[in-house]
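Along the sequence shown, residues are numbered consecutively beginning with 1. Since we're looking at a predicted model, the values are computed, not measured.
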Amino acid sequence: MVISACLLGEICRYDGCAKKDPKIPELYRDWEIVPFCPEATVLGTPRERISVVFKNREYRVIGDESGRDVTEILHQETQKLIDAHPDLDKIILKSKSPSCGIGTTPILKQNKELLCYDNGIAAQMLIEHFSEIEIVDENS
């Protein structure tokens, strides 16, 4: 099973913090857990905050201050997880995350106004690839 690393207490969020959810490690203590954070691996911790922006008819992940597009490197990190763990049985992701949110990620217009809420970049890839397994966030 894959669980967002921040939910397990790993310091991997943009602000140099974790979002440990104490009930998750306890509920799944007998499972083999693979921590996952595509952002920390390639962008470091702490790091610039990123947002999902609807640009040129697609979702792009853009640095809030720099304007740097990090979509492709997040896709690559997520693909590494998919390739390394083809037989996953469950995935628990962090809500509202630009990478991991499931229907809770703010999608912005190019002028930074809220367009809608949808899946994060990594969550969408995981949902498409692992369509037969349960994929939820910590609030499910």
Visitor: Go through L43 and I50 one step at a time and tell me if the side chain to side chain contact (heavy atoms under 4.5 Å, CB included) criterion holds.
Guide: CA-CA 10 Å; L43 302 175; I50 56 176; 4.3 Å; yes
Visitor: I'd like to know if the side chain of N119 reaches the main chain of G103, judged simply by a donor and an acceptor atom lying under 3.5 Å from each other, with no hydrogens or angles considered.
Guide: yes
Visitor: Any chance you could lay out the side chain to side chain contact (heavy atoms under 4.5 Å, CB included) test for I82 and F130, step after step, and finish with the verdict?
Guide: CA-CA 9 Å; I82 291 168; F130 294 107; 3.9 Å; yes
Visitor: Kindly determine whether S51 and D64 satisfy side-chain hydrogen bond (donor to acceptor under 3.5 Å, both in side chains), including the steps that lead there.
Guide: CA-CA 6 Å; S51 297; D64 287 0; 2.7 Å; yes
Visitor: Is any side-chain heavy atom of V53 closer than 4.5 Å to one of Y59?
Guide: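 No, their side chains stay 4.5 Å or more apart.
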Visitor: For side chain to side chain contact (heavy atoms under 4.5 Å, CB included), just list the numbers for K90 and Y28, CA-CA rounded to whole Å, side-chain angles, deciding distance to a tenth of an Å, and then say yes or no.
Guide: CA-CA 11 Å; K90 185 170 184 164; Y28 299 103; 2.9 Å; yes
Visitor: Donor-acceptor pair, R60 side chain versus V70 backbone, under 3.5 Å?
Guide: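 Pair absent, no side-chain N/O of R60 close to backbone of V70.
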Visitor: Carefully, step by step, assess E128 and Q124 under the rule side-chain hydrogen bond (donor to acceptor under 3.5 Å, both in side chains).
Guide: CA-CA 6 Å; E128 289 171 6; Q124 186 60 40; 2.8 Å; yes
Visitor: So, the side chain of E65 versus the backbone of E48: is there a donor-acceptor pair under 3.5 Å, distance only?
Guide: no
Visitor: Are the charged groups of E10 and K19 less than 4.0 angstrom apart, N to O?
Guide: no
Visitor: Counting only N and O atoms by type, is there a donor-acceptor contact under 3.5 Å from the side chain of S131 to the main-chain atoms of I127?
Guide: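 Side chain of S131 to backbone of I127: no pair is present.
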Visitor: Do the side chains of K23 and E26 get close enough for a salt bridge, i.e. N-O under 4.0 angstrom?
Guide: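 Looking at E26 together with K23, the answer is no, because their closest N to O distance does not fall below 4.0 Å.
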Visitor: Please check if the side chain of S97 supplies one atom and the backbone of S99 the other of a donor-acceptor pair under 3.5 Å.
Guide: yes
Visitor: Assess the residue pair I135 and I92 against the criterion (side chain to side chain contact (heavy atoms under 4.5 Å, CB included)); give the C-alpha distance rounded to whole Å, side-chain angles, the decisive distance to 0.1 Å, and a yes or no.
Guide: CA-CA 6 Å; I135 303 176; I92 302 174; over 6 Å; no
Visitor: Can R49 and Y14 be counted as having a side-chain donor-acceptor contact under 3.5 angstrom?
Guide: yes
Visitor: Could you state the interatomic distance from CG (L74) to CD (E72), rounded to the nearest 0.5 Å?
Guide: 9.0 Å
